[in-house]
Structure formats: structure tokens, C-alpha cells
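Any value given below was found using the heavy atoms of this structure, including those in side chains, with hydrogens, waters and symmetry copies removed. Throughout, a chain's letter reflects where its sequence line sits, starting with A, and its residues are numbered from 1.
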Amino acid sequence: MTTPAGPGELPGPGPGGAPARPPVAERRLHPVTPFRRAWAPVTVLAGWAVHDPNAAQEQLTRLTGTMLLLALSVLVPAAGLYGFLSWWFTHFAVTDAELRIRTGLLFRRTAHIRLERVQAVDVTRPLLARVAGVAKLRIDVVGAEKKDELAFLGEREARALRAELLARAAGFAPETAHAVGEAPARELMRVPPRELALSLVLTGTTWGALCAAAVVPPVLWLATHSVWTVLATGLPLLGAAAARSAGRFVTEYDWSVAESPDGLRIDHGLLDRTHETVPPGRVQSVRIVEPLLWRRLGWVRVELDVAGSDNSVLVPVAPRAVAESVLARVLPGVTVPARTSRPPRRAGRCVPVWWRGQGLAVTGAVFAARRGLLRRRLALVPHAKVQSVRLTQGPWQRLWRLADVHVDTGAGKTVTARLRDAEEAARLLYAQADRSRTGRGDARPDRWMA
Amino acid sequence: METGSPAETGVAGDEPVWRGLPPGLLRMRRLLLVVWAGVLALLAGVLPGLLAGPAWAACALLPAALAAWGWRLLGRNWGSWRYAERADDLLISRGVLWREETVVPYGRMQLVEVTSGPVERYFGLASVQLHTAAAATDAAIPGLDPAEAERLRDRLTELGGARSAGL
């Protein structure tokens with residue numbers, strides 16, 4: 001693909017009119033970007049063929065080779081042209097306070113993303129992009145859409161842009177932000193592949209999917225004696241099992257968590273490398289998950305919620321002590337409560353056996369609710385991140401003088417302390433509202449270096 | 001103005017001062033109930049009465065009974081709604097069988113909305129809805145006097161601005 005214009009070109013005399021303020025240096029994405037679109041029809045066809053092999057074969061026998069080639073020779077250049085034009089009309093610029101993305105061939109779209117609202121910055125490098133030496137950059141803000149990502153940028157450019165965006169978001173002066181460079185990082189933990197593989201072997205869902213894939217097709221064969229039915233159900237089941245275990249292994253391979261003044265850095269992936277930077281004070285809630293089979297090994301999984309971010313894993317697997325030390329860096333001043341208080345015994349009348357899995361602990365810094373008997377989950381919400389507190393009570397719970405307390409966080413997650421004593425819950429409701437107000441007072445500013 | 005549940009808590013101190021909803025909402029809901037139940041009762045009485053014999057016109061009693069039950073339900077539900085403005089947060093309490101009490105700190109409010117549909121406007125009512133960054137926050141007060149709704153909106157936005165905190 002030819003590159004008709006350099007990256008520093010000024011915005012053309014578009015119909016929208018030239019900007020009157022001092023010109024902002026607009027840049028284009030990496031020239032490899034159009035190829036992504038050129039391959040779209042081919043991948044769509046391939047995906048369809050894999051998804052529905054029956055119909056694909058039928059159609060293929062009807063089509064001749066020349067027709068197929070002809071169709072592709074029309075489709076690929078058309079898609080390539082579309083890709084080229086959409087690349088040509090996509091610009092981005094970094095100003096003092098915003099990242100601006102201007103895009104769209106027919107429907108113009110301009111997104112201005114405020115940097116102090118940044119919740120996380122992701123740099124992903126899918127396998128093919130790694131070969132081509134490019135990367136995607138995405139800024140997570142509340143309400144950002146999938147198309148607000150910068151795909152693709154040169155790898156070095158993406159790293160420099162990330163450093164610049166973070167420096168500006170942190171509150172460095174605009175003149176120096178360019179030169180601040182990447183903040184030094186200190187590694188907190190790294191998951192060894194063996195540990196990850198073993199943890200996946202010890203996951204119940206992997207075995208559930210495998211068992212289903214092993215049992216269902218033979219049963220169907222006995223019932224229907226139709227190869228296609230067996231294949232049509234067996235393959236998706238196997239695929240689901242593979243995606244559950246192998247897919248998770250591939251994405252969570254070489255998981256490392258590091259700490260830097262810019263916040264938390266999470267790197268992972270075997271084929272597709274993904275990097276995420278979560279600035280300080282952006283974590284809304286954290287969950288420590290302890291599946292049944294991991295308990296003997298003392299391993300846990302830590303999940304986190306950041307508003308607007310897709311990633312929800314902080315540590316895929318680690319010994320409890322390591323996980324808690326990472327957690328202490330993520331939520332400064334927070335210690336994981338060792339004990340949680342159970343609901344009163346009469347809660348068994350509302351939720352028979354499982355009431356024993358419920359628990360609640362409130363410390364000076366977090367609201368922690370536990371649930372689950374086999375797969376234990378402890379959810380932690382810093383008081384400063386509480387958006388609203390609710391108390392609910394159904395008729396049956398009223399009979400047993402019980403109530404639930406819900407704590408809503410900004411990432412759209414709600415943490416619930418279930419089956420508390422009604423009076424305790426009422427006290428908790430007001431106390432929690434007070435705590436979240438005072439907790440907010442000493443929270444760090446949005447611009448964390450300011 | 002008459003209120004649904006006059007402040008039950010006579011205790012002084014930092015106990016919140018609860019306010020109920022004005023009777024307009026109850027009047028509107030009951031009127032709608034009676035109108036719809038009347039239409040249904042007419043249908044249920046006339047159609048079987050004509051098709052199957054006059055004795056079947058007694059079917060009209062069913063919607064009537066339902067309406068009587070609904071009349072009481074609406075009254076209890078209306079009476080259960082109350083709200084209180086504290087120094088730093090807004091409390092909303094509602095529900096008879098399924099009770100819910102919500103606390104929203106002023107500093108967390110992202111948006112305060114006052115809405116009023118055509119029927120509500122006819123009855124001189126308006127609803128106030130609060131939005132925070134959490135989608136689960138379900139804080140709405142229906143059936144307020146428009147003047148009160150506007151006062152509440154202005155006060156909430158003013159307090160929200162003073163105590164603002166982002167995510």
C-alpha cells in the first residue's frame with residue numbers, strides 16, 4: 001500500500017472549516033491499518049465456513065473456482081479501498097486536556113476524550129499486528145465505545161503516546177509532558193506457566209465442558225444416528241471446552257503485574273499481547289475468588305473492576321499471600337479482613353444451606369462481603385468508591401427480621417451483604433453512607449501527580 | 001400540604017426528617033385504576049351477559065373486586081413512599097411488601113432529572129430522578145408537586161456541586 005501523505009500533514013480544507021485556534025498537530029494512524037479492512041471479507045467467509053460447515057460445503061459445490069476467484073477479486077479491492085479511505089479520513093491529536101479522534105467517511109464522528117477522566121489505558125498487540133510491528137491503543141473512560149480505539153499505531157509510537165497521555169493525565173505541565181517519558185515500573189508478581197496450567201486443570205468449569213463434550217455426542221449418536229447432528233453439537237461443545245481452558249491459558253499466559261507512579265501495569269498473553277495501565281485510584285472494587293479445588297493449594301484469583309474497562313482480572317492465580325500483597329499495592333491502606341461475620345442462624349430459613357457462605361466485614365477502609373460455599377468470593381469496595389447504599393427486604397425476610405444491604409460502585413457492579421439482621425442492616429445503611437462520605441475526603445485527586 | 005406519612009420519628013438529633021408524597025399521585029393512580037377497571041367491568045359484564053345469558057353478567061364483579069383490592073394497595077404503596085434530605089445525603093424509602101431504602105450522597109450525583117408526562121402534568125405532578133455513576137442506583141421520587149420537584153432539583157444540584165466527587 002502506498003503512503004500518499006506524511007503523518008504531520010495539516011488538516012485539509014474540509015467542509016467543516018479549518019480550526020481557528022492554534023493548530024493542533026493532527027496525526028494519522030499507521031499505514032498498515034487499511035490491510036485490516038482488506039482481509040475482513042475473507043475472514044468473514046472463513047468464519048461462516050467454520051461456523052456452518054454444512055451449508056458452506058453445499059454452497060461451495062455449486063460455485064466454481066473461477067467464480068470464487070472473481071468474487072474475491074472484487075471483494076478484496078473493494079474492502080481495501082474502503083479500508084484505505086477510512087484510514088485516510090481518520091485523524092487523532094493530543095491537546096493539553098484531551099485526546100481527539102476525528103473519523104468517518106460518510107458519517108463524520110469526532111470524539112474528545114478528557115484525559116483527567118482516564119480510567120485505564122490499554123495497548124494490545126494481536127498476533128498479526130505483532131508480526132507487522134503495530135499495536136492498538138485504547139483509552140478507557142466511562143461511556144467510551146469500541147470504535148474509540150486507535151488501531152493501529154507503530155509499536156514505538158504507541159508506547160510513546162501512552163507515556164505522553166499518562167503524563168498529561170497525571171497533571172504534568174503540557175510543555176514537559178512530551179519529554180517525561182515512561183515512568184519506571186517495578187514488577188510485583190509474575191504467574192509461572194506451570195502454575196497457570198495446573199490452576200486451569202483444577203477448574204470445575206473446564207471439566208464440566210469437557211464432560212459435556214464427551215457425553216453428549218455419543219448419546220446423540222445413539223438417539224439419531226446422524227453424523228451431522230453429532231458434529232453440529234459436538235464441535236461447539238468441544239470448542240467451548242477448548243475456549244474455556246486453552247483460550248484462558250493463552251490469554252493469561254505470562255501474566256505479570258507491575259507497579260509504577262503511573263499506576264498499575266498488567267501485561268499478559270501468549271499470542272495476543274495485552275498491556276493495561278490503571279492509574280492510581282481508579283479501581284472501583286476487587287474480588288478474591290477461591291474455587292473449591294484450589295483451596296488445598298491455597299491459591300486464589302483476584303478480579304478487579306475499573307469503570308469503562310473490559311479487563312476484569314488482576315491476578316489469574318497466585319498463592320493467597322502474594323495476591324494479598326498485590327492487593328495492598330492496588331488499594332493502598334487496605335488489608336483483607338481475615339474473618340467475616342456470618343448472618344444470624346435464622347437466615348437458614350430464608351436460604352437453606354448456603355446462608356453459611358454469606359459473610360460481612362467492615363474495616364476502616366473497605367466494605368467486604370463474602371458469598372459462596374464451594375467457590376468462595378470475597379468482594380471488597382473501598383468506602384471512597386461507594387456511589388449509593390441500598391437496603392432491601394422482602395416479605396419472607398421481614399418475617400425473620402432479616403435484610404440485604406447493597407453497595408453500588410461506579411463500575412456498574414453491586415456488592416451485596418445478604419441476610420443481615422434487620423436492625424444491624426439499618427445501622428449499617430447509615431454508617432456506610434457516612435463512611436463513604438468521609439472516605440471520599442482523603443481520596444487522591446484525579447490528576448494523580450498534581 | 002397533607003402528606004402521606006407524617007414524620008413518624010419524633011426523636012430529635014440526627015434522625016432524618018421524613019417527607020411523604022402529596023396526595024395528587026394517589027388521586028391520579030386511583031382515578032386511572034377506576035377508569036380502567038370500569039372499562040374492564042363493562043366488557044366483562046356485557047359480553048358474557050349477551051352471549052351466554054344474563055347470569056353471566058356477574059363476571060363484572062371480578063374486575064370490581066380487583067379494583068377494590070387495588071384501591072387499597074395503591075393507598076398503602078403511596079403511604080410507604082417517603083424521602084428525607086440530610087446534610088450530606090438523600091434518603092428514599094419505599095415499598096410495603098418489598099421494602100427498599102436508598103441512600104445517595106449528594107457528591108455522587110451525576111444528573112438530576114425532573115420529568116412529567118402528559119397525564120402527570122394534567123394532575124400537576126412531576127418526578128425527580130437521580131443518576132449516579134452506578135447504574136444500579138435506583139433513586140426516583142414520583143408524584144411530587146412541580147414546585148417541590150424544582151426546589152429539590154435545584155437544592156440537589158447545588159449540594160452536588162459543593163460536595164462533588166468523581167468516580
Does the side chain of [Y] come within less than 4.5 Å of [X]'s, by heavy atoms?
X	Y	result
A:C350	A:L402	yes
A:L264	A:V330	yes
A:L327	A:L380	yes

Salt-bridged, [X] to [Y], with N to O below 4.0 Å?
X	Y	result
A:R390	A:D408	yes
B:R86	B:D88	no
A:R427	A:E424	no

**Request:** Select all residues of residues 93-103 of chain B having any heavy atom within less than 4.5 Å of some heavy atom of chain A, and report them by number, or 'none'.
**Result:** B:V96, B:L97, B:W98, B:R99, B:E100, B:E101, B:T102, B:V103
**Asked** Is it the side chain or the backbone of A:V386 that comes within 4.5 Å of chain B heavy atoms, both, or neither?
**Response** backbone
**Prompt:** Is it the side chain or the backbone of A:T409 that comes within 4.5 Å of chain B heavy atoms, both, or neither?
**Reply:** backbone
**Prompt:** Which bit of B:L130 comes within less than 4.5 Å of chain A, counting heavy atoms only: side chain, backbone, both or neither?
**Reply:** neither
**Prompt:** Does CZ in A:R265 sit with more than 12 non-hydrogen atoms of other residues, nucleotides or ligands closer than 6.0 Å?
**Reply:** yes
